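Below is one structure, written out as structure tokens; comments come after it.
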Amino acid sequence: WWAVTLGSIRVVSMNTEVDFSTDSAQFAWLENELQRIDRSVTPWVILGGHRPGVIDSTDGPENRPTPPAGKLNPSDLTVMAELQRYVWPLLVKYGVTLAFWGHNHAYQRSCVWESIGAVNEHDGCVAHSVLDAEGIAVYVEPSAPVSVVAGTAGAKLTVNGVGHDFTEKSLYDFGYVRLTAKNRTHLYGEFQQAGSG
């Protein structure tokens, strides 16, 4: 895990493959890192991690094949539940702007997500984006992070979403996300298709 400042953006990267529970060294580091960010200097805080903290996926514990002996490979929904339990409350508490994830080979953008708990039991959305005059999705003063899964760098695409209400946009195309901090109040994100440009 590490953190770096890029202009007005503080990027905080966690390791979803090691312990991030409340008693872990990573959790202590993450909380310390998030609480000490001076938002007057870096108004945008983006958390990144490999496995998604919010994911619309059919890869759940109930249908997960057993991995080879000695190899841990938890499902999308198992890791999401753990990230929601331990990490997401920190993201809400310290006003993280965006949470970026990979692992799932798709693009998914969520609502403003505040809830912690089982995704099938409670929606968790506290706000949705609205379309502006040009058809661009805009989040107006979100009170919690927006989650973006951008695992579309080139491996075979994973089409396994079930259509949960918290997913505002899904794309199954190769590409990446370009972020631009225009100023202290406007951060723009745009999915760039890799194949067509």
Side-chain angles (χ1 to χ4, degrees), residues 1-3 11-34 45-94 96-126 144-172 176-177 189:
W1 47 89
W2 52 268
V11 177
V12 180
S13 179
M14 68 171 292
N15 187 340
T16 61
E17 308 307 307
V18 299
D19 188 8
F20 49 77
S21 65
T22 52
D23 295 330
S24 71
Q26 181 171 206
F27 181 92
W29 173 86
L30 183 59
E31 182 163 34
N32 182 58
E33 175 62 33
L34 292 175
V45 178
I46 298 171
L47 177 96
H50 178 70
R51 293 181 185 248
V54 178
I55 184 72
D56 184 0
S57 173
T58 57
D59 183 27
E62 66 283 347
N63 61 5
R64 186 74 173 176
T66 304
K71 181 176 179 180
L72 294 176
N73 188 17
S75 73
D76 291 348
L77 300 182
T78 298
V79 176
M80 176 180 161
E82 292 299 301
L83 287 163
Q84 289 291 308
R85 179 177 178 192
Y86 298 117
V87 176
W88 208 265
L90 292 178
L91 306 188
V92 173
K93 179 178 180 180
Y94 295 110
V96 169
T97 311
L98 290 170
F100 268 90
W101 317 99
H103 188 70
N104 205 281
H105 300 165
Y107 171 87
Q108 291 183 7
R109 178 175 43 82
S110 78
C111 62
V112 177
W113 182 264
E114 187 175 80
S115 178
I116 56 173
V119 68
N120 293 324
E121 296 173 14
H122 180 65
D123 188 9
C125 293
V126 292
V146 171
S147 175
V148 175
V149 176
T152 54
K156 181 180 177 186
L157 296 171
T158 308
V159 182
N160 67 355
V162 295
H164 283 294
D165 289 340
F166 63 77
T167 303
E168 291 201 356
K169 186 71 171 182
S170 292
L171 296 171
Y172 301 101
Y176 61 95
V177 175

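What you are looking at is a predicted structure, and each value in this text was computed from that prediction instead of being measured. Just so you know, residue 1 is the first one in the sequence shown, and it goes up from there.
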How many angstroms lie between atom CE of M80 and atom CZ of R51, to the nearest 0.5 angstrom?
14.5 Å

Would you give me the side-chain donor-acceptor pairs under 3.5 Å for residues 25-34, sequence neighbours excluded?
{"residue": "Q26", "atom": "OE1", "partner": "N15", "partner atom": "N", "Å": "2.5"}
{"residue": "Q26", "atom": "NE2", "partner": "N15", "partner atom": "O", "Å": "2.9"}
{"residue": "Q26", "atom": "NE2", "partner": "D19", "partner atom": "O", "Å": "3.3"}
{"residue": "E31", "atom": "OE2", "partner": "Y94", "partner atom": "OH", "Å": "3.1"}
{"residue": "E33", "atom": "OE1", "partner": "R36", "partner atom": "NH2", "Å": "3.0"}
{"residue": "E33", "atom": "OE2", "partner": "R10", "partner atom": "NE", "Å": "2.8"}
{"residue": "E33", "atom": "OE2", "partner": "R10", "partner atom": "NH2", "Å": "2.9"}

Drop me the distance from L91's CG to L47's CG, to the nearest 0.5 angstrom.
5.5 Å

So CH2 of W88 and OG of S147: to nearest 0.5 Å the spacing works out to 5.0 Å

Candidate list N104, V54, D56, test side-chain contact (heavy atoms from CB on, under 4.5 Å), partner V149, passing option:
N104

Which of T167, T158, D76 passes side chain to side chain donor-acceptor pair (under 3.5 Å) with S57? It is D76

Heavy-atom pair of closest approach, residues L90 and Y86
CG-O, 4.2 Å

Test side-chain contact (heavy atoms from CB on, under 4.5 Å) on R85 and L83 and set out the steps.
CA-CA 5 Å; R85 179 177 178 192; L83 287 163; over 6 Å; no

Passes side-chain contact (heavy atoms from CB on, under 4.5 Å), W2 versus V12? Steps please.
CA-CA 6 Å; W2 52 268; V12 180; over 6 Å; no

How long is the straight-line distance from CZ of F20 back to CE of M14, given to the nearest 0.5 Å?
5.0 Å

Interatomic distance, W1 atom CH2 to S13 atom OG [nearest 0.5 angstrom]:
11.0 Å

Please find the pair of heavy atoms, one from E168 and one from C111, that lie closest to each other, and give the distance.
OE2-CA, 3.5 Å

About how many Å separate NE2 of H103 and NE2 of H50, when rounded to the nearest 0.5 Å?
5.0 Å

Looking at every non-hydrogen atom in both residues, tell me the closest pair between H105 and K156 and how far apart they are.
ND1-O, 2.9 Å

Looking only at heavy atoms, which two atoms of V146 and R109 are closest? And how far apart?
CG1-CG, 4.0 Å

Of all heavy-atom pairs linking A144 and V112, the shortest is O-CG1, 3.2 Å

Sidechain-backbone polar pair: T97 side chain, V45 backbone, donor-acceptor under 3.5 Å:
yes

Any side-chain heavy atom of Y107 within less than 4.5 Å of one from V148?
yes

Contact summary for Y172 and G161, nearest pair of heavy atoms
OH-N, 3.9 Å

Side-chain donor-acceptor pair present, W113, Q84, cut-off under 3.5 Å:
yes

